[in-house]
Amino acid sequence: MTKKNHYLYASIVIVQYHGHEFPLKVVFVFKRGSKGSYLVLAATQMTKLWGIYFI
């Protein structure tokens, strides 16, 4: 059995909103049932451990 990749790309970016900066993790995932389409998910709740952000 082969494992499929469930996401296309994931990254953490720094966002500025109303003068505040915070990390935001964005994940591009395949949209089920729509060939060639994807969704972008974003999360601000992350844990920072040894300088690495985990979601």
Restricting to side-chain contact (heavy atoms from CB on, under 4.5 Å), what partner residues turn up for Leu41, sequence neighbours left out?
Val29

What residues, two or more places apart in sequence or in another chain, satisfy ring-ring contact (aromatic ring centres under 6.0 Å, His included) together with Phe22?
none

Val13 side chain reached by Pro23 side chain, heavy atoms, under 4.5 Å:
no

Minimum heavy-atom separation for Ala10 to Val27, with atom names?
CB-CG2, 4.0 Å

List in chain and number order the residues that pass side-chain contact (heavy atoms from CB on, under 4.5 Å) with Gln16, two or more places apart in sequence or in another chain; answer none if no residue qualifies.
Glu21

Would you please indicate if the ring centroids of Tyr38 and Phe30 are separated by under 6.0 Å?
no

